[in-house]
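What follows is a single structure, written as structure tokens, with notes after it.
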Amino acid sequence: MSRIEIDLDKCSGCGMCSRSCPYQAFEIQDKKARWIEDRCTLCGACLTSCRFEALSGEMPVREVPDFSDYRDVWVFVEQHDGRFHRSGLELLGCARTLADDLGQRVAAVVLGNNVGETARQLIEHGADRCIVVENSALGYYQTCTYAHVLAKLIGKYKPNILLLAATHLGRDLAPRLARRVGLGLTADCTRLSIDPDEKILQQTRPAFGGNIMATIVTRFSRPQTATVRPGIMKALDPDPARTGDLIAEQVDMAECREFTKVLECVMHKDRPVDLTAAKIIVAGGRPVCSDRGIGVLRDFADAVGGEIACTRVVVEEGFLPPERQVGQTGRTVRPEVYFACGISGAIQHKAGMDGSRYVIAINKDRDAPIFEMADYAIVGDLFEILPALTRAVKGE
Amino acid sequence: MDIVVLVKQVPNTTEVRIDPKTGNLIREGVESIINPEDRHALEAALQIRDNTGGKVTVLSMGPPQAIDGICEALAMGADRGILLSDRIFAGADTWATSTTLGRAIRKIEQFDLVLAGRQAVDGDTAQIGPQVAEYLGIPQLTYVQKLEVREGAVIAERALEDGCEHIEAPTPVLVTVLSSLNEPRYPTVAGLIDSTRPRAPIEIWNGADLGVKAYEVGLAGSLTQVVKTFTPKGARNTQYLEGSPAAVAAQLIDALRKKEIRLGE
Ligand SMILES: Cc1cc2nc3c(=O)[nH]c(=O)nc-3n(C[C@H](O)[C@H](O)[C@H](O)COP(=O)(O)OP(=O)(O)OC[C@H]3O[C@@H](n4cnc5c(N)ncnc54)[C@H](O)[C@@H]3O)c2cc1C
Ligand SMILES: Nc1ncnc2c1ncn2[C@@H]1O[C@H](COP(=O)(O)O)[C@@H](O)[C@H]1O
């Protein structure tokens, strides 16, 4: 344990150390300084203050622990009633690349009650092994129960990387787990890669509303853990020829402390649209805030077989429901084609559509920022362009 | 009920701009505000106190200026404010932040409920609530859109992606809230407090007050490190289509079909 030593022969009782200390951790008694350990934070501010060189101390140095026995890339795959959440398949695709770069394996981890053989799907989607924990307590997600099981698995297997989707569930579970196990955690990543020299995980995420991107690494804990925004990574096409192990794991639930009781779960009646699965998206901004505007948008979307989407303004004005909002506080989409109609191209909107393969922008204002993120730019009135496009698609 | 509300001072991100030369965030002249969802957390706390009695303490970790947020919270009706401010807290990731906030809540000792925003607009991590709950060893309820207080328990409606659930948890419990929970009240002029006044109900705690060491908190105590920041830029080659609506429509459809995009087939 580090401490501050005072050489009383050299100390003149001048009080410089006391003045330099933000915490009143020195007292001068009988013309000598006395160090009060309880008040000291070991910040080191005092060390250069003494003109008589009476103070010495070694501040704790931080060393990167040896993590060489931590291996493999884990993906926690969310399931509900035996169906896997799409985001888990996307993560497997991304984990595959990371594991190949490291020369390690991909493991899918599934918690549930009736998972059984369906877990083979995860192997087809890129996992080398699939660790399944089945228990009646795991049928419905509860924070502390899931955190308990994952913490035990991490302790046993020592994975190098752990990825979770940044869904409501993932963002509830990951920080609880990270605090329990002692893990650094990066939220809502949009890009993951392996640093070629250090072989550690580079986690890139937007901050300040997408105005800035930050790349983060976890040097002091394992597994390197991150949540990843759904809709960003690409799932691999399932390959039935892929093989891998299915490991049925038991976890001792005796020490598991669950506080909460689920009283009721209410699902929305009609499944909301899943924009993340759409191949073609026709999105409108402020000028479509009218029945006529939505109509023009929908006509074109119907003609091309796409889904309609919008900016936050349109949701706030009540013309489309929140699940159709694209952007930082809405969905992240990556369709083949994204038609941005009457959208200015604010950074928060861009955050949700930048991964689209082709972007087509229609805007009256030649200087609208949306044009910078478009492959095809049409300067014009959407109320003229969209109907013309609808006619062209229909071959009229 | 005694309630601790976590409030963070954040830059108003709608005003955040990037310096085109350096690519850095321009923070000068950007107004600081209480993180929007934290106001809803505070409103919930005030309503519960007004109904059941007890005390609302607002807790914030930040630079000395963050006292402004605490004063605003007191003007909205909070009873006590505590600012955790120290050089050694600076540069903290969510691990180190939750250590610091967690220690402070332990020191407050008396609490039945901890309320926080779901996420802060500057970092958007939504990690602090669950991490503080785990630090304290108490249950967490996140994404809460309705909250009801009973004797020794709370019942919350949590938003799920495709529905919602009703959950009961015993107190003490930590709850993170969505803005749909309530409509925050305005600070009152009468409630405005001069933070420099000797009897202002505001305390400032440093590392020694919390009994933490420099290596446990701030940058030194963080498990993650930011290695690079940059401004996202578009890398598309924009092609402008010109002509009458019918002409541009024909050009576009033609171009997309050439790229083997199936339109309405
Ligand atoms: C914290 C935060 C989170 C946010 N999250 C999101 C988010 O998730 N998604 C999102 O979209 N926004 C989000 N926003 C809002 C965002 O900053 C913008 O305000 C919003 O995207 C602007 O929407 P818009 O482009 O529809 O409207 P405007 O900016 O008003 O742009 C309208 C555009 O339409 C053009 N136009 C007008 N009439 C016509 C016409 N007849 N024909 C063709 N063009 C026309 C105009 O030239 C203009 O460029 C967020 C903001 C904040 C602060
Ligand atoms: N420095 C801080 N001081 C007080 N509360 C904080 C601080 N950082 C985060 N919080 C609380 O935790 C919530 C989630 O923040 P974050 O995890 O950073 O998105 C915020 O809405 C606040 O209620």
Side-chain angles (χ1 to χ4, degrees), chain A residues 22-23 25 39 41-43 60 143 167-168 171-172 175-176 179-180 183-188 207-209 211-221 259-268 272 303-305 336-337 359-360 371-378 380 384-385 388-389 392-393, chain B residues 13 16 18 25 88 93-95 98 121-127 130-131 134-135 139-140 142-143 160-170 206-208 212-215 223-232 234 236 238-241 245-246 248-250 252-253 255-256 261 263-264:
Chain A
Y23 311 104
R39 293 215 48 95
T41 70
L42 296 172
C43 74
T143 315
T167 54
H168 282 210
R171 293 172 109 219
D172 185 74
R176 185 91 198 191
R179 183 77 227 187
R180 185 166 298 187
L183 308 174
L185 175 63
T186 307
D188 280 352
F208 291 96
N211 283 294
I212 230 169
M213 302 295 289
T215 301
I216 293 165
V217 299
T218 312
R219 290 219 169 84
F220 297 98
S221 62
F259 304 83
T260 60
K261 197 160 92 199
V262 181
L263 306 176
E264 191 187 10
C265 172
V266 192
M267 288 301 163
H268 293 310
V304 293
E336 288 288 299
V337 193
V359 174
I360 290 111
F371 287 133
E372 291 163 25
M373 36 194 116
D375 300 284
Y376 293 101
I378 301 174
E384 293 171 10
I385 306 290
L389 277 168
V393 171
Chain B
T13 46
V16 167
I18 304 289
L25 215 58
I88 62 172
D93 71 352
T94 66
W95 170 268
S98 59
V121 293
D122 52 353
D124 285 334
T125 79
Q127 287 175 186
Q131 289 184 326
E134 173 67 18
Y135 183 92
Q140 73 190 48
T142 55
Y143 290 90
L160 304 176
E161 248 128 72
D162 43 8
C164 64
E165 62 181 12
H166 294 247
I167 293 213
E168 184 181 311
N206 64 18
V212 293
K213 300 293 177 206
Y215 57 78
L223 295 175
T224 57
Q225 289 75 39
V226 178
V227 288
K228 187 169 80 179
T229 57
F230 56 99
T231 32
R236 292 185 195 262
T238 312
Q239 191 180 332
Y240 282 81
L241 304 178
V248 292
L252 181 64
I253 301 302
L256 289 176
I261 304 287
L263 298 168

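We name chains A, B, ... by the order of the sequence lines, and we start the count at 1 in each one. Computation of the quantities below employed the complete heavy-atom set of this structure, encompassing side-chain atoms and omitting hydrogens, waters and symmetry-equivalent molecules.
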If every non-hydrogen atom of [X] is compared with every non-hydrogen atom of [Y], which pair is closest and at what distance?
X: A/T260; Y: B/A169; answer: CG2-CB, 3.8 Å
X: B/T229; Y: A/A214; answer: CG2-CB, 4.1 Å
X: A/E336; Y: B/I261; answer: OE1-CD1, 3.8 Å
X: B/D162; Y: A/M267; answer: O-SD, 3.2 Å
X: A/R171; Y: B/D124; answer: NH2-O, 2.9 Å
X: B/I253; Y: A/A392; answer: CG1-CB, 3.9 Å

So which of [options] has the biggest tally of heavy-atom pairs under 4.5 Å with chain B?
options: A/L389, A/I378, A/D375; value: A/D375
options: A/R219, A/R180, A/E384; value: A/R180
options: A/I360, A/V359, A/L185, A/T143; value: A/L185

Where on [X] is there a heavy atom nearer than 4.5 Å to chain B: the side chain, the backbone, both, or neither?
X: A/D172; result: both
X: A/L183; result: backbone
X: A/V262; result: both
X: A/T186; result: both

Output all residues satisfying side-chain contact (heavy atoms from CB on, under 4.5 Å) with B/E161, sequence neighbours left out; order by chain, then residue number. A/H85, A/T167, A/H168
Residues at least two apart in sequence or cross-chain that pass side-chain contact (heavy atoms from CB on, under 4.5 Å) with A/A187, listed by chain then number, are A/R205, A/T227, B/T125, B/Q127
[X] versus chain A, heavy atoms under 4.5 Å apart: side chain, backbone, both or neither?
X: B/V212; result: backbone
X: B/A246; result: backbone
X: B/Y135; result: both
X: B/L160; result: both

Decide yes or no for A/I212 and B/F230: does some side-chain heavy atom of the first lie under 4.5 Å from some side-chain heavy atom of the second?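 Result no, sub-4.5 Å side-chain heavy-atom pair not found.
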Check whether any side-chain heavy atom of B/K228 lies under 4.5 Å from a side-chain heavy atom of A/V217, and answer yes or no. no
Please determine, by modelled atom types, if A/R176 and B/Q140 share a side-chain donor-acceptor pair under 3.5 angstrom.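 Indeed, the side chains of A/R176 and B/Q140 share at least one donor-acceptor pair under 3.5 Å.
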Ignoring hydrogens and angles, state whether a donor on the side chain of A/R179 or B/S98 is under 3.5 Å from an acceptor on the partner side chain.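 There is such a pair between these side chains.
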Could you check whether A/F371 and B/Y240 have their ring centres less than 6.0 Å apart? yes
Pairwise distance CG(B/L223) to CZ(A/F220) - rounded to 0.5 angstrom: 8.5 Å
Separation between CZ (B/R236) and CE (A/M373), nearest 0.5 Å, reads 9.5 Å
Heavy-atom pairs under 4.5 Å with chain A are the metric here; pick the option from B/T94, B/I88, B/V248 that has the most.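 Answer, by heavy-atom pair count under 4.5 Å with chain A: B/I88.
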Among B/P139, B/P170, B/A214, B/P130, the residue with the most heavy-atom pairs under 4.5 Å to chain A is B/P139
Taking A/A374's backbone N and O only, do any of them form a donor-acceptor pair with B/T238's side chain (distance below 3.5 Å, no angle check)?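 Such a contact is found between B/T238 side chain and A/A374 backbone.
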